[in-house]
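For reference, positions follow the sequence shown, starting with 1. On a predicted model such as this, the values are computed, not experimentally measured, just so you know.
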Amino acid sequence: MSKDIKFSRGSFFHGTKADLEIGDFLTIGQKKNYNDDRISKYVYFAGTLEAAIWGAELAEGVGIEKIYVVEPTGEFEDDPNLTDKKFPGNPTKSYRTKYPLKIVAEVINWSGHDTEVKKNMIDNLKKLAEQGIKAVD
């Protein structure tokens with residue numbers, strides 16, 4: 001087993017606009033929350049509420065932004081899209097797995113980012129997309 005692969009219980013979160021129920025599973029092979037119609041090879045989640053808030057706010061679609069508390073059902077690893085490229089050491093506690101994530105609760109009372117902060121992030125992501133960089137996976 002790679003030293004980068006982890007299996008742990010704790011508070012993990014997934015931000016999305018998908019309307020899910022407690023007991024549902026997030027699985028690979030679904031349309032991604034971001035970018036285009038690519039199918040997911042991993043399920044992404046975070047160990048911080050802040051990262052999950054960004055996930056919910058940046059997710060495509062018209063649904064209501066939601067944050068779920070999730071429980072990994074198997075091994076997971078640091079998300080290399082963030083840790084290798086942007087935040088060495090994984091301070092965002094962002095992870096990915098090929099195993100299902102079980103939804104165990106929904107975070108009800110959370111506050112999103114200020115409109116200007118969110119707009120700035122979206123504008124920056126659009127600029128990267130125009131350069132062919134899919135910065136959010």
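Panel note: side chain Tyr68, backbone Leu20; a donor-acceptor pair is recorded below 3.5 Å. The backbone N or O of Asn120 lies less than 3.5 Å from a partner atom in the side chain of Asn124, making a donor-acceptor pair. Remark: the backbone N or O of Ala59 is paired with a side-chain donor or acceptor of Lys17 at under 3.5 angstrom.
Scanning both residues, Lys98 and Lys41, for their nearest heavy atoms gives CG-O, 3.7 Å. Residue Asp24 comes nearest to Glu21 through the heavy atom pair OD2-N, 2.8 Å, listed as atom of the first residue, atom of the second, then distance.
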Please list, one pair per line, the donor and acceptor atoms closer than 3.5 Å that link side chains of residues 99-115 to other protein atoms, with sequence neighbours excluded.
unit_1 : atom_1 : unit_2 : atom_2 : d
His113 : ND1    : Glu57  : OE1    : 2.5
His113 : NE2    : Glu50  : OE2    : 2.6
His113 : NE2    : Trp54  : NE1    : 3.1

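Lys127 meets the side chain to side chain donor-acceptor pair (under 3.5 Å) test with no other residue; sequence neighbours excluded. Take Phe45 and apply the ring-ring contact (aromatic ring centres under 6.0 Å, His included) test, not counting sequence neighbours, and it matches Phe12, Phe76, Tyr95.
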Full working for side chain to side chain contact (heavy atoms under 4.5 Å, CB included) between Ile53 and Ile67
CA-CA 7 Å; Ile53 289 170; Ile67 297 175; 3.5 Å; yes

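The OH atom of Tyr44 sits 11.0 Å away from atom CD1 of Ile28, with the distance rounded to the nearest 0.5 Å. Here CG of Leu58 is found 8.5 Å from CD of Glu65. Values are rounded to the nearest 0.5 Å.
Hydrophobic clustering places Ile122 together with Val117 (ILVMFWY residues linked when any side-chain heavy atoms are closer than 4.5 Å, directly or through intermediates).
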